[in-house]
Amino acid sequence: MKTESHKFRTDELILWQKQYGRNNLPWQNSHDPYCRWLAEIMLQQTQVKTVIPYFEKFMQLFPTVKDLADAEEDEVMAAWSGLGYYSRARNLHACAKIVIAKFDGRFPLTLNELMELPGIGKSTAGAILSAVTNKPAPMLDGNVKRVFSRFFAVNEEYGTVSFEKLLWRLAEKNLPESDGRAFSQGLMDLGAMVCSQKDPLCTMCPVSEECLAFKNNQVLQYPVKKKGKEKPTRIIYWKVFIKDNCVWLEKRNGKGVWKGLWSFPESETKPSDAFVEKTIYHEFSHYKLQARLAMMEPEEKNETGEGGWFSVSDLKSIGLPTPVKKVIFEELFL
Ligand code: SF4
């Protein structure tokens, strides 16, 4: 099959990356594993421009893996607040503690050992390894998947098991001999800067001569979309209690989203006599959330459990999910 036997233009990509790629990102100043690990975790499903201020904040607050391991969970969640996909922050904290306890503060530098740490999958392990050691290692983030889907004209539907397996085979078979750092960065840069989803700049692309989708004039047909179902919608009520310019929030524990962050008390049914002020819409990868704001009388609040009254200045020290933060700062006028 042409897809499997086709060869990626690794040398052209490396040359292009060195000349035109992104080489001044804050985490590229150093090849220190802590710094590169932090950046790679933040970059999972998140754009570079969003990550930069968070990366700088974390390096200021927690300059070493030991500082991060010693921090309180609320400090880490507060610093991460707004970056989304909060399991990354919990895993980050857990991973720092393991690196201190098990590896004496030094990140292990093999793919298998890295992949045993919380929050590090195969792609992140490859990205860290190539960034730190300069050895070529396979990696596949969303941008790289798009580049490979097009370059190799992958006809499997995006996101299916067969798609993932085929892409990993291609990623492993098409590594350069050396220059792993420029190669991995080049793949990410090409996806972000040239081979964009809707408007790829193929005439400026360093690998266009051999790109099967481009040669066949089928660029926008790749990646092949999965025929998906509509996401289900979940409706909940957020009970909003306000007293003396403070809002009542509870720490989310157990299973479910936003574990470790602070949010409004929640119920599946409308609290009796509550006035529903408005509905907040938020989309997760697997479902859509409609949170209805139920304005409650403060004296009805039974002050038990892990909760408390927070003023605007108190809110700086706790982690808040983005929609909760928006409600507090844009709707409640504390
Ligand atoms: S030629 Fe176009 S479609 Fe192919 S990899 Fe380059 S930018 Fe992407």
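The figures that follow rest on heavy atoms only: side chains count, while hydrogens, waters and symmetry mates do not. Ligands are counted one by one from 1 in listed order, and the atoms in each one are counted from 1 as well.
- At a heavy-atom distance under 4.0 Å, no atom of F151 approaches ligand 1.
- Heavy-atom proximity to R150, at under 4.0 Å, picks out these atoms of ligand 1: 3 (S).
- Residues W262 and F310 place their aromatic rings such that the two centres sit under 6.0 Å apart.
- Heavy-atom contacts of S208 reach the following atoms of ligand 1: 1 (S) (cutoff under 4.0 Å).
- Residue-ligand proximity, V219 to ligand 1, at heavy-atom distances under 4.0 Å covers atoms 3 (S).
- For atom 8 (Fe) of ligand 1, the closest non-hydrogen atom on the protein side is C195 SG, 2.4 Å.
- F62 is connected to F55 through a chain of hydrophobic side-chain contacts under 4.5 Å among Ile, Leu, Val, Met, Phe, Trp and Tyr, so both are in one cluster.
- Taking hydrophobic clusters as Ile, Leu, Val, Met, Phe, Trp and Tyr residues chained together by side-chain heavy-atom distances below 4.5 Å, L289 shares a cluster with V240.
- Annotation: Y237 is not in aromatic contact with F264 [ring centroid separation under 6.0 Å not met].
- Using modelled atom types, one finds a donor on one side chain and an acceptor on the other under 3.5 Å when comparing Y222 with N155.
- Looking only at protein heavy atoms, the nearest one to atom 6 (Fe) of ligand 1 is C205 SG, 2.4 Å.
- Distances from atom 2 (Fe) of ligand 1 show that C202 has an N/O/S atom below 2.8 Å.
- A salt bridge does not link E156 to K165: none of the charged side-chain nitrogens sits closer than 4.0 Å to a carboxylate oxygen.
- Not a single N/O/S atom of C211, whether from backbone or side chain, sits less than 2.8 Å from atom 8 (Fe) of ligand 1.
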